[in-house]
Each structure stands twice: as C-alpha cells, then as structure tokens.
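To start, the structure under review is shown below, and the notes come after it.
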Amino acid sequence: MDFGLSEEQRQLKASAREFLSAECAPSAVRKAMAAQEGRLAEVDREIAKLGWTGLIVPEKFGGAGLGILDVAVLLEEQGYAAMPGPFLFSSVLAAYAVARGGSDETGDKLLRPLAEGKAIGTIALAESGDSLAPRDFSTTAIADGTGARISGVKEFVPYASLADFMVVAARGDSGSADLFAVDSSAKGVRVEMLKNLDLTRRVGRVTFDQAAAIPLRREPALYPRLLDIGAVAIASDSLGGVERALDMAVDYSKVREQFGKPIGSFQALKHVAAEIVSEVEPARSLLWYAAYAQDARLADAPRFASMAKARLCDVYSRGTDRAVLMHGGIGFTWEHDIHLWFKRARFNESYFGSPALHRERVAQLGGY
Amino acid sequence: MDFGLSEEQRQLKASAREFLSAECAPSAVRKAMAAQEGRLAEVDREIAKLGWTGLIVPEKFGGAGLGILDVAVLLEEQGYAAMPGPFLFSSVLAAYAVARGGSDETGDKLLRPLAEGKAIGTIALAESGDSLAPRDFSTTAIADGTGARISGVKEFVPYASLADFMVVAARGDSGSADLFAVDSSAKGVRVEMLKNLDLTRRVGRVTFDQAAAIPLRREPALYPRLLDIGAVAIASDSLGGVERALDMAVDYSKVREQFGKPIGSFQALKHVAAEIVSEVEPARSLLWYAAYAQDARLADAPRFASMAKARLCDVYSRGTDRAVLMHGGIGFTWEHDIHLWFKRARFNESYFGSPALHRERVAQLGGY
Amino acid sequence: MDLNFTTAEEEFRLKIRRFLEENLPKSGLGAGREGREDKAWLEKSKAWQRKLYESGYVALAWPKEYGGQALDPVCQTIVNDEMVRANAPYLPGGSGLGMLGPTLISWGTEEQKRRYLPKILTGEEIWCQGYSEPGSGSDLASLRTRAEIIGDEFVVNGQKVWTSGAQHADMMFCLVRTDPDAPKHRGISYILIDMHSPGITVRPLVQMTGDKGFNEVFFDNVHVPRKNLVGKLNEGWIVANATLFHERNMLGSATGSEQRFNRLLALTKKIKRGGRALTEDAVFRQRLADLEIRVEAMRFHSLRQLTDQIRGRNPGVETMINKLVGTELNHDLATAAMEAMGDYSMLAREDASVLDHGYWPYEWMFSLGLVIGGGTSHIQKNIIAERGLKMPKSR
Amino acid sequence: MDLNFTTAEEEFRLKIRRFLEENLPKSGLGAGREGREDKAWLEKSKAWQRKLYESGYVALAWPKEYGGQALDPVCQTIVNDEMVRANAPYLPGGSGLGMLGPTLISWGTEEQKRRYLPKILTGEEIWCQGYSEPGSGSDLASLRTRAEIIGDEFVVNGQKVWTSGAQHADMMFCLVRTDPDAPKHRGISYILIDMHSPGITVRPLVQMTGDKGFNEVFFDNVHVPRKNLVGKLNEGWIVANATLFHERNMLGSATGSEQRFNRLLALTKKIKRGGRALTEDAVFRQRLADLEIRVEAMRFHSLRQLTDQIRGRNPGVETMINKLVGTELNHDLATAAMEAMGDYSMLAREDASVLDHGYWPYEWMFSLGLVIGGGTSHIQKNIIAERGLKMPKSR
C-alpha cells in the first residue's frame, strides 16, 4: 500500500515547476494570449526537448511510455502556470488515442513526430449539441477500403489551426470504430477559429467533407476511455489552477495593507483561504486515485474519472471566484494576472461535461 | 402602493412579542416539552382571551375575521417564542378549512368553541407515503346520506390527542369533497401519539374506521388552498424562529469572551451573523407578499406560497445550524435553549413538503 | 398592505411605457453594461437623457426648485421598472443622479444645489466619484490625496483609482485630506472638482473584461474654489457616507435582477441538455427556482423599503444588506447562465456563435466586479454586523 | 503509487475479518454513538476491548515494550477499516488509545509509559481529557484551573467542562496552570490525575440529544504526585498541542464517513418520493453523488497521509484540514439523511416508526457537536490559515 507520488514523479513535478516559472511566467502567457496562435512556440520547443511531448507516447514510437498519473503531475504544473498551447490535447489526448487505437504504421507516422515536437495533434469530439455520445453525432464515417471518409462539423476543437492531425469522433457503420485520425491537410478539412474567453487556449470549428480518415480500432471501447482520460486531464489542470489562484490570493494578502495591517490578518480572508485549501487537498488525493485507476485499469476507473472531473472543476471555479474577491479591486483588472485562471476555470468546467453531468454519471456507475 | 404592515398589524406583533416573552419564555416552553400534552394550558387560555384563537374565524362564528397576513404576523411571534401547542394547526388551518368549506351549521358547531378557546381542531392530511395529493391517499371517504364515512390511517397529525375535531383529507367519490370534518370522539377514531424530535410540538397517528364525517365542500378547490395556507403558516413560524436563533447567537457573542474580548468582535462570527440576517430580511419581504397574495386571492398566490415555504425553511434550517455553531460548546447542551429552535426548524422543513418539492412547484407554476 | 397602484399611478405607468415604445433609441445604445467607454456612446446617451428629462422622466422625486418634480418615490419606481422592462439604455449621468444628487440635496449649500442639480438632471454635466486610492480600498478613510487651503482655494495633489467614467466626466465629487494630523476619519473633506481643470490627468485602466471602464486620476496642483466644499471642512466623512449609502443601494438594486432572471430563463428554454430543453432538467429547475425566489424576495424587499421611505422611517439593517445581497445575486444569475451554456460559455462575446448576443460572459465578469466595488462583500458584512446587529467593533 | 496490499496484509485482513465475524458482541453494544453514558455499556465494552487486545488487534503500531506490536501503520488501518465494515462497537478506551497514548509515547517518561500504556491497551484504565473550562473554550490557553506545588505534589483546584466520559474514567490527562504570572501559554502544565482521588466531583451535563455524554469536573484540593507531570513544568502547552493534533485527526477520521454514506444510500433506496425511490430522483442523486465524491476524496486523503507517515514526512496543511472537513462532511451526510426522510425526520429515535433504527436524528445532532468540539470550525480555519498557509496572526 503506497498512496503517493513516486520519487520520479516528484522530480518531474519539481522540474516542471522550475521550468514553467522561468519560461512560462504570466508575462510570457500574456504574449501567447495576444498572439493569434495562442501558444509560446519557444516553450513548445523546449518541452519537446524535456521529453514532455512524448511522455505517454509508447517507447516504440520514440516516447517515454509513461502513464496517466505521470502526465497528471505534469498537467497540474501546466495548470499552475496557465500554460498556453496544445499540450493537453495533443500530447495527452490525441497521443493516447493514436497509441491505443492506431496500427504500428499509424503510430509511427503520427506519434514519432509528435513526440519529437515536430507535429501537433488535437481532438475533434464535441458538436453543437451537448452530447458526446457517438449515437448523437451528426458527423459520420463511411468505410472506404481499409480507411474511412468523414463528414460533419466539429466544434470547440482545440488549436485546430495548428494541428497536423486530428482525432475525430464520428458515428460509424455498426462494428466500425468511433475514433478516426485525420490529416489536417487532407482534402475536405476546413478550419475556422473561434474567439475564446479564456485566452490561454484556442478552439476552432472544423468542417469535414468526405475527408480521408484512418480508423483507430486496435483497442475496443477506446472512445469512452479517451473521454475519461480527458476528464482526468482537465481535472489535473484544474488542481494546478486552483492552487495557483490560492497562492496568489494568499501572497497578496500578506503584502497588501488596509487599516494599518496586512489584509491577510483579517479573519474573513483567512477563513476564505482556509476553505479553499480544505477543498483542494482532499481533491488532490482524489485526483491521484483517479489517475492511478486509469493506469491500473481498475474496473471503477470511469467512475473515479467523473468524480475527479466534477470535484476539481467545482473547486477550481469556486476557488478562483473567491480568489478574485480576496484581491479586491486589483483582481478585476486586466493588468493583474488572476483573471487568467478565473477564465481558464470556466473553460475547464464545461469542457468534457459539467460537474452536474459527471455527478449523474457517478450515480449511474455507482448503481444508484 | 403600500408594502408594509399596517399600524394594527404592528401593534398585534408588538403585543404578541410582549405577551409571549412574559408568558412563554424558554422556561415555560420547557414545561410544555416535559408535559405529555406538549402545550401550556394557561397560555392557551390567555391567548383565547386575547382573541388569537378566533383571529381568522369569521365574525358570524364569534371570531375577528382577520386575514392571513394578520395571522402570519402572529405566527412569526409564536415561532420567535417557539410557542408550543396546537395554535397553528387549530386556529389557523383547521379554522380556515371549516370557515371556508363548512356550512353555517358546521361553522357554528365547530368554530364558535374554537374561537372561544374551548375546543381544539387539527388537520389530518399526511399519510405514510410522501404525497399530499388526494389521488395518492389510501384514506377514503364514502358518501353516507348528507355526510360521509372515512376509513384510513393519517400520520403526523398535530396534537391529535388534544383535538376535539379533525379536518381530514381523503379520496372521495368523484365530485365529492377532499376535506371532511370529523369529531374526535366519534366511533371509529383511534389516536396513538408519536414521539417527536421537536418537543415544542406533538404529532400522532390517527386511524379512522368508518368514522362519521362532514364534507367541507362549500368552497371548491379548498384543499389546495389549505395546503398553501399551511405553507405560508409554517414559513411565518420559520421567520420568527430564525430571527430568534440569530438574536440569541448575536446576544451571546456580545457577552461571551475569549482571547480577552467578546467573541462577537471576531470577524468570522460577524460574517456568519451578517449572512444570516442578509437571508432573513429579504425572506421576510417575500413572506409578507405570500401572505398578502392569499388575502388578495391573487392568481399567483399558490406560487408565492411555495416560494415562501422553500425559502424560509431553508433559511431557518441553515440559520439555526450556524447559530448553534456560533454558540460553541454551550450550544450543544440540553440546558441551553438554542436546540429548541434547531429542532423546530427540522419539523418546519419537512412539514407540508421539503424546499426542493416547493422549488419544483415554483418552476411548474411558473411555466418552466 | 396594498400593492395596488392608484389610477393616477397606473396612468402614469402607461404614459411612460408608451413614451419608451415611441422614443427608445433604435440602435447603438445597448442596455448592457459594456461599451460604455467610448465617446460615441457618451454623446448618444447624453441626448437620450436630455430627451428623457425634458419629457419629465428623470429624478421625479427631486425638489422642484432644482429641476425636479417633487413627486412621490412611487413614480420614480414606476419609471425605473418601465425602463428596465423596455431594455432602455443606462443613463450617462448615473453617478450624478444616483449618488451626488441625493447627497447634495441633504448636504449641499443652496448655491451648490442651484448650480449643480439641474445639470445633473439634463445630463449636461457628467459626474464621477473620487473615492478609492491605490493604498485606500476597503480602508477608504486612510486616503492620502491632499488638499491644502491657499487663499480661497484648495490645491489638490494625489491620485484616485477605479474611477468609473472619469474619461467622460465634467466634474468629480472627491474626498481629500485637509488635515493630515487629525485621526484619519476627521481630516477628510468632500469637494467638487472640475475635471477640466489644469493639472488633472486621466489614465484608463483595463478591466478583466478587456474594456476600459475605469481610470486612474492624477492631481498635480489642481486648484478648486473653496465654495466647492460640501459639508464642513474636515467633516467630509459623514457626507461621504451619505454618498456611499446611495451607491450601495444603487449597486444592489433589485430592478435589474428580475430582468436578468427572465433573460436567463429565456436562454435556458432554448438550450438542449440530453435531448430536452434545459428548463426540463430537474436539477437545473431547482437552480432556476431558487434564483427566482431570491430575485422575487429582493423585489419585494425594495418595495418594502420604498414604503418605509414614504412612511418616513429611517433605514436599518434591511437596507444595509442591499449591496451584499443584490450584487451576489446578480453574479449567481450570471454564473448560472454560464453553466447553462455549457461549452458555448467558453466563447468570448465577440464570437459569431456566442449565445444571447454575448451578454453573459461580460455580465459574469462585471457582476463580480460589482461584488467588489463600492465596498467588497467582506466590508459589507462588517457593516451589517457592526452597524446593523451592533456587534462589537474589532479594528 | 500502488494501492495493492501485500499478501501478508491481505491475509491479516481476512484474519481480523474472520475474528470479527466470530467474536463481535451479538447485542447490547451498538456501533452508534449513543448510549455510551451507562455503566452496563462500560462493562460490556471493556470486556470487548480486552478480548480485542488479547487477540492482537489494538494499537498495533505501538512499541512492543509497552504492549504494542510495533507493526506498520497499514495494519492499524486494516483493523480500523474492518471494524467499521463489521459495525464493531466503539472502544471505551478511545481517549487513551487515540489521544493520550500517542502523546505519552512522544512525551512521557519511561516510567509513565510503562505504568500507563499497557492498561490503555487492555482497557483496564479508562481516560478522559481535562482541557476546556467554562471560561476557556476556543481560547483554551486562558484556562484557570490552578495546580500549586506543595512538597512533591500538585494540589489542584478549579473546574473542567465538556469532559466526555468523565463518569467512566479512571484517569484524566489535564491541563493546569502552574505559573499564573507567566504569559498564558507559558504557565501551563500537563498532568495525569487519578479520577478516584478525594476532592473530585463529576457532574453530568446533558446534550441536546437528551443523553448524558459529557460532564463538569470539579477539583477541590486534589493531590497529584509530581511524577504525574508530562513534559516539563510550565511547558505543557506544547504537549497539549500534540494531544490536540491526535484528537483532531481522530474526530475528522474518514473511516466512519464511508460507512455513513453507505447507510444513507441504503436508506434513500427504500424511501419513496413521487412514486419512485428517492435514489431515482435526479435532484437527490446530485446530492448523493456530491457527498460520495467528498467521502471518497477523504478516504484517499487519509491513505495519502498514512503513506506520508510511513515515509516519515512531517504532516502539513493537508493534515490540519482533517478535523474541519471530516466533521462537516459527517454533519452534511446526516443532514441529507434527515431531509431524505421527509416527515419521518420529525420523529425522535425512540419512536417505533422511526426509520433506520433512529440512527440519523442522533447522528444529525451529534455530528454538529463534533463540528464544535475539539476546536470549532472557526478555530480550525484560523489554524489552517495561520499555520498552514502562513497568513499573518490577527490576535
């Protein structure tokens, strides 16, 4: 029985904290926010060198072959930094789908450059409706030889204009896969970027018109697993985010003075901060288990993915809301950085389903 | 446009406060709690002299013929005092049902002694299921000449063993009334008292076996109106209750010292108190409107009855919970009085339907 | 208790309703809170206020001698309700109408009233509030902007911050320190400053919404005539509190909440969740009903306070809670709307696919700003506990 | 991270599970919190603790020389889990096992350890805690019970309050003031008092539940040998804090929450609402799921702390939150159960029609008592903020 991060994971976390606080300080994040692409190309180059881009890519495709708990630790730090760019969608979700669902040939073609930082993947799942279930998709896949042709419109596709390939969920013929890899430069793929509230991220609308696609069917039931990994990934980012918001509010409360003393000496602010951390720490433990359950392929892994998504997103939204309030007027300015996390929390809360939706799933999977 | 209590209502309130603080202090309430009957016979005699028992009884039956807002003001004060006894169920609900639904003869027979304080009525609505809808009742009424015969089991009948008559809800033949007046001493009426958590009240189980009953059918759709009046009445009691809990906590915080100063000077306690009063005052305004809407027979009266029940009961439960906490250890003792209101809040919350049920009704009646 | 309006009042309501139907600016002036930083907005909305005033619908309860009509506050309530109902644009003279005007009526000299009140009504002079400073937020009384008396002038040096609308303002009501040696609440004066005076620099601050709504204002030897003092010298704190009282009631006003709830309800009826309208989702229905109950409670709560005002009763704790409850309710309404929109809540208001014309992302943020501005919820709770519940001071 | 138990641990789990199946007292000892005031309960549960100890299932991690087995804390966790799973009765020696024992192991003299620890394990000596006083609740360090040193004895005068189990106790670990002139935290000593000494009066206090769970204890010239001092003279505050640390972790323990959630779930499955089981009600499902998520988070949170303990890591803010989060979660669970029961929640636990054997009305009240006891939630938040987040002290 050992419930904690390994030495390697703690080192990974510490080095990520160090790297990101140097290279991805809020001033850098703001550069990405102002840029059209919405990422820091230099940071993306560096993290490839650090091996992050290939972290969960299998070794046979040039990656480190690590697991979800490892990547959760890294995503927590990215959330702490509000790191912009496609990492979560490319190196975690698209990479996971291709690694598990693609043939060796597909893996070689798509994942090797991704691990090396030379290519970017993304995921195209959501549509204008609220359902992520294949039966509700209007996007369809029609078999075409060993491949398929995809038609339909996907919404909120992260970094769609940057992606070299996309992992697309579609309603296939019976027995077909739910997930497909599509080359972004293929004929029939059209990208239109949307305007995001959370400027540390970019999303777009992708229209597929009979676009050539590779079915990802090596592992059965891969699509629901991908959604669970997505839930855990967003939860990890949220953990780091709420931690940062709390740190900022607490730090500010120690230096800002009113009534002749630091505002952090007022009980009201102390209690708000105490309430936030009292939500954060048990939620961290929950997240670790949810990530571990994915790695260990436990039967209850989907249920704990939903628990983590529901809880961490609630805690993140509530935590940033209160952290802004703890700052007073300065917290409402563009100049102060707290709004980066405040808005990112909103993105995280909706992406991959609301807390209410995940609580309902917890109830269903729990047999009640 | 005049949104406030009238001069008469304010006088009624002030005199009720004065009377109850003298005659129905916690020490007196505790006597009732310890007694089997669960009421203060002396106080009940006095309030008859004050005219409270006949407050809403029509003048033709010896009452004052006042309205729901008047009685709401009085119930608020009774809630403030945690006044034990059948008043709310007898002089408000049973009286209302008979006054509106009974013939002049029935009114004369039942309401005149009630107004004079010589008889007690009660209501027998709930059964072991959670529904208050006649179609779900297992209690039935069968026509018998101009009267009816009632059979079934009613639960949580307030002060059943004290009541001289009961207003019983039953599933009748089509076209029949839903409500009936039953003489408690009639053949086929059996009462068994239950043990209450809130000792400022008593409830019992009443079994009817072909008991003779008088249909209350003068006013159509009386039964749903009675439920609405019940909701407003319980909400009024709750308003007074949460007010008292807050007063007790605030008063205690001014005298109890810790760390060399009154605990009320600590911001944490101030903020809790401020949060309670910030819920109480708008809820009071809401309650006034809900009561007024009944008197003015506005079309939206049922909806506002549900709003008041949902809101006031939430505020009461939450408020007493926090008020106990504000007291610290002493608040958890039997000796301290705060638990009287803490438990009464629980009674109020469930009686006539939970806040969640009433919110759903608000949505339904609001057309969403 | 009688919630019926008199026949005269009902006629008045129909009159303003008809007026609004016929005269509401057709475009370019949203009822939303955004977009109020630009010059074009200012000119158009000044014209709108003048028209409204000339038609007799501005500050109806003000005394006649200063351009008001000395009407019952009920009429003002009717106007406010109808303005909200018609989605009428915000008035540019809001700070003057809602904050300075009532303060001057109580505290101003006859000359000040005659000089300033009429132009507040017409919108000819736009006012801003000079209260907060970089070091003085919650602890407002620690402010350091100095005003020295030289001859019959104040000479002002210092800085204000979070000054909404300073870029448009002709005048500022401003707190300055006139006696640096006195205890902090006793050395403050309340003066009226011409914003076109030499030595004033206005620098916009950007909100988290990306808009320029408020400003820093710098004073470098700004000369202000002594007659611009409101109340007594060094006794400005009491005047300041009168203004704060009006500000907090304005910020916590229930009028907008009802409209926002209706907008939220209309939005959720259109959103699908699991194949049904979100309004059919049992869980979201609970949330909607709870919000509506709180909105309705605040609506009746303001009618109760209006009645107390007509009856001449001094406001108590029930009034102190307005700002806290009203602003938090508005933020909760906006948060519910964001959650209702699901993934669409991640779109900025400029996006073509954004729902409900992008009203909610802005409102979600701005409403949090109002939870902070005019005294954060923490400060409001102190006030409620100490002044309303008489709990012992801790500072 | 590896949540698998070793084969040896799994075998140990099966062994204790079998033991409990075969040996659990069949009647008269509920797992609930009520009924612990009477003598019959005491005798029966002392016998149960002795049996448990003799079978090797009490305080497994304690050092061998004092009657423990020096086992890994994992084994203790396994025992705790299985006890909860089997609904095993509370141990009468809880205060000794959970609070004084660990404190003595760190702070006691060799003689004290040999004298007291073995009898804590067997349940032969029952302990109670003498901390709070009528004037000293949240501000514990202001306590006034005096102990004067006369010869080689302390002579104790004063009063303690909220002393759980004092009516059963053979011994008390007690905070007394030994230097009234020193600053309040520096004149306190931690001593062990024989409850059978002359001059001690125990008077029961009744809880809001109607039960006599705790007491007032009066000291009138009670003589205590000097060797009963734990830690140094006048430096008892630091020892007291060690005990408080253990108390708070005990009160906030996640072990019981899981069981309570399961009980709540079983209850709600049986309750009908609108013709369906309450578990099918979309709104209540949200509540259940939210509670279960919080319960699970605390379960993993204690595994994480257990791991840290095994790894020898000093506890930080993640441990300071246990009492706050654990007790509020338990109260929320009980409140949800009360709401689930609808009108049946108004019945006292003695009523024949009460649901779920009357477990919830008592639990609803008692769990609020635990939110208060051992440092209210307000005090816990101060500790978390000041010690955990290093926010500036305000006192």
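Proteins get letters first, then strands, A, B, ... in listed order; numbering begins at 1 in each.
At least one donor-acceptor pair closer than 3.5 Å links the side chain of Tyr292(A) to the backbone N or O of Leu3(D). In this structure, Arg294(D) contributes its side chain and Arg311(A) its backbone to no donor-acceptor pair below 3.5 Å. Listed for the Gln286(D) side chain is a donor-acceptor partner under 3.5 Å among the backbone atoms of Ala356(A). The backbone N or O of His378(D) lies less than 3.5 Å from a partner atom in the side chain of His271(A), making a donor-acceptor pair.
The aromatic rings of Phe300(D) and Phe304(A) sit perpendicular, their planes meeting at an angle over 60°, well past the 30° parallel limit.
In terms of heavy-atom pairs under 4.5 angstrom with chain A, the leader among Val74(D), Val317(D), Asn4(D), Leu389(D) is Leu389(D). Options Arg304(D), Met391(D), Lys269(D), Arg285(D) differ in how many heavy-atom pairs under 4.5 Å they form with chain A, and the most are formed by Arg304(D). Heavy-atom pairs under 4.5 Å with chain A were tallied for Thr77(D), Asp290(D), Leu306(D); the largest tally goes to Asp290(D). Ranked by heavy-atom pairs under 4.5 Å with chain D, the first of Gly366(A), Ser278(A), Ala308(A), Ala283(A) is Ser278(A). Among Leu286(A), Leu269(A), Asp251(A), the residue with the largest count of heavy-atom pairs under 4.5 Å with chain D is Leu286(A). Among the candidates Ile384(D), Thr279(D), Ile293(D), the residue making the largest number of heavy-atom pairs closer than 4.5 Å to chain A is Ile293(D). Chain D forms more heavy-atom pairs under 4.5 Å with one residue of His358(A), Glu279(A), Glu360(A) than with any other, namely Glu360(A).
Across Leu5(A) and Arg311(D), no two heavy atoms sit closer than the pair O-NH1, 3.0 Å.
Heavy atoms closer than 4.5 Å to chain D are found nowhere in Arg361(A), neither backbone nor side chain. Contact of Leu69(A) with chain D is made through the side chain alone, with heavy-atom distances under 4.5 Å.
With no hydrogens or angles considered, a side-chain donor-acceptor pair links Tyr368(A) and Glu292(D) at under 3.5 Å.
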